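Here is the structure we will look at.
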Amino acid sequence: MVKDLFERIQNNKGPLGKWASQAEGYFVFPKLEGELGPRMQFGGKNILNWSLNDYLGLANHPEVRQADIDAATQFGAAYPMGARMMSGHTKYHEQLENELAEFVMKPAAYLLNFGYQGMVSTIDALVTKNDIIVYDVDSHACIIDGVRLHMGKRFTYKHNDLESMEKNLQRATKMATETGGGILFITEGVFGMRGQQGKLREIVALKEKYNFRLLVDDAHGFGTLGKTGAGAGEEQGVQDGIDVYFSTFAKSMANIGAFIAADKDIIDYLKYNLRSQMFAKALPMIQTIGSLKRLELLRNHPELKDKLWENVNALQNGLRSRNFNIGDTNTCVTPVYLEGSVPEAMVMVNDLRENYGIFLSIVIYPVIPKGIILLRMIPTTSHTLSDIDETLVAFEAIREKLENGTYKEIASRTKVDLDA
């Protein structure tokens, strides 16, 4: 007998979906209101917000807001209509691509409508069934889903582990010799959960021993790392060794969209083979012209990045001096690791929001191992040192409550599975 397709879905909501009745609308799918920035409203209360990826504070920059308004006034939300290959191509798309390529020190670039779909489609376009993919086990979901489309072999290596990288490159080399294919190596410039930079310098050095091409997702590095803000490759001095550079506009650029940059022949190939763009409406003019203004500010105002790092250092040094475990982050991403159950984490975050007025992202199992609570903060240029001091005081208070069993006792009185 054929089962009802929806039977599994109705009986198993998934590792995160099972919490929906307790979490939705508060812990997940929360409604933040007011102008984007460090101070917003949540549940009718003013909160200090550490969960926006607006690294450089451009979301509410007056020149950015005006550029968005002017583009909307001139072109509306629909222009251009159609995919770029057919009827959606404009001089503004070309201008943005040229300026992005120059900024990240690559010969050419190509705009993507979205980061997630763009990465999935880029991986799909770069490899055939005869090619081998080698990628970091902690890669972002967009990379994992892109690899899932691959009909050939793939190998994962232990996160940022050089010995594991080389072992899997050896396996890939042997297999590619048999299939007649090549090797695509994929990593991230910055791993957005833990804040570690990918070992780009060491990976590029492996090219001297192994024949592979390197694709780097630098969503969190673009605009925040490197002398000019060109990202993790510039920071580590190996931008030339990155064969295909990818970043999204959803972080430092405070916008929608993404881009890839590489040698011109590779970009030309992708323009005619990247299915997520070939069969999709062009990036609207509001985002395209708006990104030109954002890139201009990023290039011409290094003080934005300087202020960002002043805040990053103040927050991370403050946490370390108070003996909080923030791992080995060497980027703006600031994780705080605590020990506790999922129910304790829920009670803690509720306390942070309701009694301390602090909003941040909570990460729990199955994203990270059981028994660990990860509180993830994204410092921005717009935060103040006063915001940081307020947060440090709150963190000391919630740690004490976690350690003395206050949160566990409260959780025991709720309808939450304490074994989770």
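The shown structure was predicted, so the numbers you read here are calculated from the model rather than taken from an experiment. The figures here come from the full heavy-atom set of this structure, side chains too, leaving out hydrogens, waters and symmetry mates.
Under the ring-ring contact (aromatic ring centres under 6.0 Å, His included) criterion, no residue pair touches residues 296-318, with sequence neighbours excluded. The salt bridge (charged side-chain N to carboxylate O under 4.0 Å, His left out) contacts involving residues 253-279 comprise Lys264-Asp268, where partners must be two or more places apart or lie in separate chains. Residue pairs meeting the salt bridge (charged side-chain N to carboxylate O under 4.0 Å, His left out) criterion with at least one member in residues 244-259, sequence neighbours excluded, do not occur.
A perpendicular orientation is assigned to the rings of Phe324 and Phe395, their planes being inclined by more than 60° (bins at 30° and 60°).
A side-chain N or O of Thr384 and one of Asp387 form a donor-acceptor pair less than 3.5 Å apart. Counted by atom type alone, Tyr55 and His220 present one or more donor-acceptor pairs between their side chains at under 3.5 Å. For the residue pair Gln41 / Asn46, a side-chain donor-acceptor distance below 3.5 Å is found, with atom types taken as modelled. Using a 3.5 Å distance cut-off with no hydrogens or angles, the side chains of Asp70 and Gln66 do pair a donor with an acceptor. Side-chain N/O atoms of Asp351 and Asn355 include a donor and acceptor closer than 3.5 Å.
In this structure, the side chains of Val134 and Phe212 stay at 4.5 Å or more apart for every pair of heavy atoms. Contact check for Thr173 versus Ile183: side-chain heavy atoms found under the 4.5 Å cut-off. Looking at heavy atoms from C-beta onward, Gln197 lies in side-chain contact with Thr331 at the 4.5 angstrom threshold. Between Lys293 and Leu297, some side-chain heavy-atom pair lies under the 4.5 Å cut-off. Side chains of Leu215 and Asp217 form no contact here, defined as non-hydrogen atoms less than 4.5 Å apart. Arg376 places none of its side-chain heavy atoms less than 4.5 Å from the side chain of Thr334. Contact of the Thr187 side chain with the Val216 side chain is registered, since non-hydrogen atoms from C-beta on lie closer than 4.5 Å.
Gln170 meets the side chain to side chain donor-acceptor pair (under 3.5 Å) test with Tyr210; sequence neighbours excluded. Partners of Glu390 under the salt bridge (charged side-chain N to carboxylate O under 4.0 Å, His left out) rule, at least two apart in sequence or in another chain, are Arg39. Here Arg194 pairs with Asp138 under the salt bridge (charged side-chain N to carboxylate O under 4.0 Å, His left out) rule; sequence neighbours left out. Annotation: salt bridge (charged side-chain N to carboxylate O under 4.0 Å, His left out) contacts of Lys199 (sequence neighbours excluded): none. For the side chain to side chain donor-acceptor pair (under 3.5 Å) test, residues two or more places apart in sequence or in another chain that qualify with Tyr245 are Asp218. The side chain to side chain donor-acceptor pair (under 3.5 Å) test applied to Asp68 returns Arg294, not counting sequence neighbours. Shown here are the salt bridge (charged side-chain N to carboxylate O under 4.0 Å, His left out) partners of Glu354, two or more places apart in sequence or in another chain: Lys45. Taking Ser121 as the reference, Ser276 meet the side chain to side chain donor-acceptor pair (under 3.5 Å) condition, with sequence neighbours excluded.
For the pair Arg353 and Tyr26, the cation-pi test (distance below 6.0 Å, angle within 45°) is passed.
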Output a table of donor-acceptor pairs, distance under 3.5 Å, between side-chain atoms of residues 9-17 and any protein atom two or more places apart or on a different chain; print 'none' if there are none.
{"from": "Asn11", "atom 1": "ND2", "to": "Glu7", "atom 2": "O", "distance (Å)": "3.2"}
{"from": "Asn12", "atom 1": "OD1", "to": "Gly14", "atom 2": "N", "distance (Å)": "3.0"}

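No more than 12 heavy-atom neighbours from other residues, nucleotides or ligands sit within 6.0 angstrom of CD on Glu400. Around CD of Glu339, the count of heavy atoms belonging to other residues, nucleotides or ligands within 6.0 Å does not exceed 12.
The nearest pair of heavy atoms linking Gly233 to Ile242 is CA-CD1, 3.9 Å. Across all non-hydrogen atoms, the minimal contact from Ile362 to Ala345 is CD1-CB, 3.3 Å.
Here the two rings, on Tyr92 and Tyr79, have centers that are 6.0 Å apart or farther.
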Next item on the list: Let me see the working for Lys167 and Glu163 under salt bridge (charged side-chain N to carboxylate O under 4.0 Å, His left out), right down to the final yes or no.
Entry: CA-CA 6 Å; Lys167 178 181 178 181; Glu163 182 179 348; over 6 Å; no
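Using a cutoff of 4.0 Å between basic side-chain nitrogens and carboxylate oxygens, Glu303 and Lys307 are not scored as salt-bridged.
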